[in-house]
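Here the structure comes first, spelled out in structure tokens, and everything after it is commentary.
Numbered from 1 within each chain, the chains take letters A, B, ... in sequence-line order.
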2 protein chains.
Amino acid sequence: MNPTIKDIAEKCGVSYATVSRALSGHPYVKDETRERIIKIARQMGYRPNAVARGLVMRKTTTIGFMVPDITNPVFPEVARGLEDAALAAGYTVFLCNSNWDKDRELRIIDILLQQRVSGLVVFLCSEKSVDLIRRAKMDTKTVCISNMSHKSAMTLLYIDNELGARQAVEHLIERGHRAIACIGGLEDTAANRERLKGYHQALQNHGIAACSDFVRFGDYRLESGHAIMTELLRLPARPTAVFAANDLLALGAISAIKEHGLRVPEDVAVVGFDDIQLASLPEIQLSSISWPKYELGKIAFELVARCLEGEGPPEDRVLLQPTLVVRSTS
Amino acid sequence: MNPTIKDIAEKCGVSYATVSRALSGHPYVKDETRERIIKIARQMGYRPNAVARGLVMRKTTTIGFMVPDITNPVFPEVARGLEDAALAAGYTVFLCNSNWDKDRELRIIDILLQQRVSGLVVFLCSEKSVDLIRRAKMDTKTVCISNMSHKSAMTLLYIDNELGARQAVEHLIERGHRAIACIGGLEDTAANRERLKGYHQALQNHGIAACSDFVRFGDYRLESGHAIMTELLRLPARPTAVFAANDLLALGAISAIKEHGLRVPEDVAVVGFDDIQLASLPEIQLSSISWPKYELGKIAFELVARCLEGEGPPEDRVLLQPTLVVRSTS
DNA sequence: TTGAAAGCGCTAACAC
DNA sequence: GTGTTAGCGCTTTCAA
């Protein structure tokens, strides 16, 4: 059994209130007493009980972090940024995968709220979750990494997906492409909608008619990119360029292109989104839209922390700018 | 403020013990009462406080999970397996990165123990951490995913690194290679030691003298593989094959080889370890040692869960077998 | 500078 | 079936 402050108090011959004070750096404890208490506590292997403390303080030192899919290399980077910042500030983070599933998303948020996390950082796909969070709002400070309708239920932190997609597609247009396809991610996710919008904007800005055959959706994984690209290549008039809603889709697409005996970028150019580490591998050299992933995690924590410490009013929304990185697939 | 069972009790005109019973499915509550309570609880948006429950039950429903580096694609896979299993059993998981840093490792374990996690799943690098866990053993059931000395401080779950490395190197030998280098990971980690041992065993089994110039260590990341391979290629007698302690190192090595104008596998063959998803990409096609990552996470949870539910004596150690996957880099 | 005591939200005896 | 009560480990008044 873990020793408690009572055990220490007994051994020290003081009240347990004094032990509490001594251990939590409270003033008004005689130095001599404090030293003795600290020494004995160490000897006994005392380790404060964060659960008990959380109960009485009505504030845990935990943060809930929900991502759609931790095996997508984007999210580990964000997770690192978040965790580093959180740990430095004395917080621990719960990590959960929603699997892009709305029901699971709701369930996870509920569980995290039961755990009474002090803060919540979530990549949301469902508007229902926004409601859930809104109802719990007074207790749990939330940062949402998506551009959702929010009505101040939470701070919004996100990258400008529309701009990013526009940059990608305009780059392809500048390279002389007109037949540009779009391999989307999960159709019903905010990021996908925004990236799709940017794609359409770019076409429109340059007077290129959108071709509905050229816009298809999958999930956000390799296999999906491969499958969609294969379909695209079977089209009577196949595209000469592809904008993919994320790098995994782009990578899958490239595989399919090569399997068809075509070259990238000569026959089909490809631009992805997210600029995962992999994209810069010599073998890959994928052109992509880059955004600061580690930074985003860090900022997300700082945003919740600011509210937790009650420093000033919470930001309403923070927007990060993506940039185009041209490599050899376009 | 979140409503408590007292708030519900008041509104229902019953004692709060009854509410507790009704809500936690206890028998001996009149159906009618129970229904009324549940209905009101729902109306009020009641959400049980896991912190309070954890305190009184002396058991949280949380699991601590410490990995060396979540941005290494091996660990997200394991994390998924762990989380899926944990969530299904009603547990939530804290994720922490040790960054392969022994001090940080100790600090994280301490924090996790403060949080009174019911179970601990850790990739350990330091023996000191084993001591820390041993001292806390009576309270926190631990599964360690490394082959550490343990003396029953915890259950050991790991893959047979030695065997895997031996398979990799013997495969290279069968392909006719004699000058086989080893790009190791962090020198002072268990996985690295074991994989290195397998490398030496294979050489020895086939009467090949080990060449100390051919064995070098980095960390477990791409850049490191690149740097070491570059050194290796500058050697007067350069190796014709390389065994890398993980796939990221292997990928970095391949980049370096290509940059030198050499071909893989014709000039230098490469085999990695871990078989990350990436390895099977058409552009990559890395030969590697494969092991069940998602499964490992799942098993890790099952091992702690078994102890938590007190079902039989804990396993002492569980060993998973890796397999060689030959692709086009060897 | 220290002690006594209340109470955070909940579960589980023990009464009735 | 339901209410009363103690207590999980801790922080924080209020007194002394």
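Rounded to an integer number of Å, the gap from A:Asn2 CG to D:dG9 P is 9 Å. Between the CZ atom of B:Arg47 and the P atom of C:dC10 there is a distance of 12 Å, given to the nearest Å. When rounded to the nearest whole Å, the span between CG of B:Asn49 and C1' of C:dG9 equals 6 Å. As a whole-Å value, the separation of A:His26 NE2 from D:dC14 P is 13 Å. To the nearest angstrom, P of D:dG7 lies 15 Å from CE of A:Met1. Rounded to whole Å, atom P of C:dT2 lies 9 Å from atom CD of A:Glu32. Atoms CG (B:Asp7) and P (C:dC8) sit 11 Å apart, rounded to a whole Å. Distance CE (A:Met57) to P (D:dC10): 13 Å, rounded to an integer number of Å.
Under the 3.5 Å distance criterion, with hydrogens and angles disregarded, no donor-acceptor pair is assigned to the side chains of A:Thr92 and A:Thr62. A donor-acceptor contact closer than 3.5 angstrom links the side chains of B:Tyr294 and B:Asp84.
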Audit row: A:Leu124, A:Ile133, side-chain contact (heavy atoms from CB on, under 4.5 Å) steps and yes/no: CA-CA 11 Å; A:Leu124 245 37; A:Ile133 290 171; 4.1 Å; yes

Please step through side-chain contact (heavy atoms from CB on, under 4.5 Å) for the pair A:Leu120 and A:Met66, ending with a clear verdict. CA-CA 8 Å; A:Leu120 207 45; A:Met66 184 177 69; over 6 Å; no

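The side chain of A:Arg116 contributes no N or O atom lying less than 4.0 Å from OP1 or OP2 of C:dC8.
Residues B:Asp31 and B:Leu55 both approach DNA chain D. Their nearest nucleotides, taken by heavy-atom distance, put B:Asp31 toward the 5′ side. When each of B:Thr33 and A:Ser20 is assigned the nucleotide of DNA chain D with its nearest heavy atom, B:Thr33 is the one assigned upstream, toward the 5' end.
For the side chain to side chain contact (heavy atoms under 4.5 Å, CB included) with A:Glu105, the qualifying choice from A:Ile108, A:Asp103, A:Asp101, A:Ile109 is A:Ile109, the only one to do so.
Checked for salt-bridge contact, A:Lys128 and A:Asp131 miss the test: no charged N lies under 4.0 Å from a carboxylate O. Ionic pairing of B:Arg107 and B:Asp110 is not present here: no N-O contact between side-chain nitrogen and carboxylate oxygen is shorter than 4.0 angstrom.
Counting only heavy atoms from C-beta on, B:Tyr46 has its side chain closest to C:dC10 among D:dT2, C:dC10, D:dG9. For B:Ile5, the side-chain atoms get nearest to C:dC10 when compared with the rest of C:dC10, C:dT2, D:dC8. Side-chain proximity of A:Arg53 to D:dT11, C:dA12, C:dC10: nearest is D:dT11.
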Short N/O separations, protein against nucleotides 3-7 of chain C, under 3.5 angstrom:
{"unit_1": "C:dG3", "atom_1": "OP1", "unit_2": "A:Ser15", "atom_2": "N", "d": "3.4"}
{"unit_1": "C:dG3", "atom_1": "OP2", "unit_2": "A:Ser15", "atom_2": "N", "d": "2.8"}
{"unit_1": "C:dG3", "atom_1": "OP2", "unit_2": "A:Ser15", "atom_2": "OG", "d": "3.0"}
{"unit_1": "C:dG3", "atom_1": "OP2", "unit_2": "A:Thr18", "atom_2": "OG1", "d": "2.4"}
{"unit_1": "C:dG3", "atom_1": "N7", "unit_2": "A:Arg21", "atom_2": "NH1", "d": "3.4"}
{"unit_1": "C:dG3", "atom_1": "O6", "unit_2": "A:Arg21", "atom_2": "NH2", "d": "2.4"}

